[in-house]
Protein chains: 2
Amino acid sequence: MTYVQLAPDLQHIPDFQHIDDDECHRFQGTMELIGRRWSSAILLALTRGAERFSEIRAVIPGLSDRLLSQRAKELEAAGLIERRVVASTPVQISYHLTRRGADLMESLQPLAHWGQQWGDLPR
Amino acid sequence: MTYVQLAPDLQHIPDFQHIDDDECHRFQGTMELIGRRWSSAILLALTRGAERFSEIRAVIPGLSDRLLSQRAKELEAAGLIERRVVASTPVQISYHLTRRGADLMESLQPLAHWGQQWGDLPR
DNA sequence: CTGGATCCCTATCGATACTG
DNA sequence: CAGTATCGATAGGGATCCAG
């Protein structure tokens, strides 16, 4: 995105004034990753302590095996979550936020506040 | 999403501990709205002062008329942007962040920080 | 200038069945 | 338990043309 002047009544927002094109793409990329269906729910489930595959699925009604598996791969590829395998019998698999993922969740707290402050999105 | 215990090493994250099911749905809904392709770019363009249809399109390479029109409707329906019509000849149409939209952009600043801190998402 | 209408292709999704 | 395979339905998106 090309740079344009920040709107006068929004100049108290400091951090969007000096974002260059690359940073815009990062920003959009991040939004599209965690904006995909179930992505944020999965991250939130992990933030809340869910670890096992079935545990995550259990706390997110409507989430199917297939989509959880797919999203987990994407989030792992993005470095937001980690998949641990313990070679016992049966094999124990658990998912955890990485440091990077935990930082992301922290950075989303103001957004959660915003949601609480403004109530439901209009349909 | 059903409540589960917050992971021990994440208990310093206060705001996700007490989010109930409704708030989870709001959170996910917000993420999916602004996570759609071009949505965040459009909001960012408005934050930076773009107002006219052609102006927004000009600063977002790859964004088509159709998608800008569609996203604008969605964002307007969500109460994040406002569409003003001045009945001159020709008709002057401009887009602006609402208070709600501007608040949203403010709440996204930590996320922009996160992107800068962690660099590009892995491909 | 600001879109609306249409076509058409692709990505994505949900459901179902199956596996180590 | 933790996925993979397959399939049909649907939604999203690009390109193009058209209009007030």
Side-chain angles (χ1 to χ4, degrees), chain A residues 1-2 4 25 28-29 31-43 45-46 49-78 81-97 121 123, chain B residues 1 4 25 28-43 45-46 49-78 81-97 121 123:
Chain A
M1 181 187 303
T2 307
V4 291
H25 290 133
Q28 189 173 347
M31 292 309 310
E32 288 179 12
L33 172 68
I34 61 181
R36 296 190 77 171
R37 201 175 233 176
W38 309 117
S39 286
S40 62
I42 292 169
L43 291 173
L46 294 182
E51 296 190 348
R52 309 299 303 277
F53 189 93
S54 54
E55 206 174 350
I56 300 168
R57 197 185 40 189
V59 297
I60 306 179
L63 174 59
S64 69
D65 288 358
R66 194 177 72 85
L67 269 287
L68 173 52
S69 175
Q70 189 172 313
R71 289 291 174 270
K73 281 183 189 168
E74 294 165 4
L75 295 172
E76 191 188 7
I81 73 177
E82 180 199 358
R83 183 176 183 272
R84 288 184 205 151
V85 180
V86 177
S88 55
T89 45
V91 176
Q92 299 254 338
I93 295 172
S94 60
Y95 294 89
H96 308 266
L97 288 179
L121 290 171
R123 310 261 109 186
Chain B
M1 182 188 301
V4 291
H25 289 133
Q28 189 173 347
T30 304
M31 292 308 312
E32 288 179 12
L33 172 68
I34 62 182
R36 296 189 78 173
R37 200 175 231 176
W38 310 117
S39 288
S40 62
I42 292 169
L43 291 173
L46 295 182
E51 297 190 348
R52 308 299 304 278
F53 189 92
S54 54
E55 206 174 351
I56 300 168
R57 197 185 39 188
V59 296
I60 306 178
L63 173 59
S64 67
D65 290 356
R66 193 177 73 84
L67 269 288
L68 173 51
S69 175
Q70 189 173 312
R71 289 292 173 271
K73 278 183 191 169
E74 294 166 5
L75 295 172
E76 190 188 8
I81 72 176
E82 178 199 0
R83 184 176 183 271
R84 289 184 205 152
V85 180
V86 177
S88 56
T89 45
V91 176
Q92 298 256 337
I93 295 172
S94 62
Y95 294 90
H96 308 266
L97 288 179
L121 291 172
R123 310 259 111 187

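Values below: all heavy atoms of this structure, side chains included; hydrogens, waters and symmetry mates excluded. Everything numeric here is computed off the predicted structure, so don't read it as measured data. The sequence lines fix the lettering, A, B, ..., with proteins before strands; numbering per chain opens at 1.
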Is there a residue in residues 88-97 of chain B whose heavy atoms reach under 4.0 Å of DNA chain C, and which residues are they? B/Ile93, B/Tyr95
Looking at B/Arg37, does any N or O in its side chain come under 4.0 Å of the phosphate oxygens OP1/OP2 on D/dG14? yes
Considering every strand and a 4.0 Å limit on heavy-atom distances, what is the contact class for B/Ser54: base, sugar-phosphate, or nothing? sugar-phosphate
Pick the nucleotide of DNA chain C nearest each of A/Gly62 and B/Phe53; which residue has the one closer to the 5' end? B/Phe53
Using a 4.5 Å cut-off on heavy atoms from C-beta on, say whether the side chain of B/Met31 contacts that of A/Met31. yes
Non-hydrogen side-chain atoms of B/Arg66 and B/Ser69 separated by less than 4.5 Å: no
From CZ of B/Arg57 over to P of D/dA15, roughly how many Å is that when rounded to an integer? 13 Å
Which part of the nucleic acid, if any, lies within reach of A/Arg66 when heavy atoms closer than 4.0 Å are counted: base, sugar-phosphate only, or nothing? base
Which whole-number value in Å describes the distance from A/Arg71 CZ to C/dG14 P? 9 Å
Does some side-chain heavy atom of A/Ile60 sit less than 4.5 Å from a side-chain heavy atom of A/Leu68? no
Beyond-backbone contact of B/Arg52 with B/Gln92, side-chain heavy atoms, under 4.5 angstrom: yes
Is the closest basic N to carboxylate O distance between B/Glu74 and B/Arg71 below 4.0 Å? yes
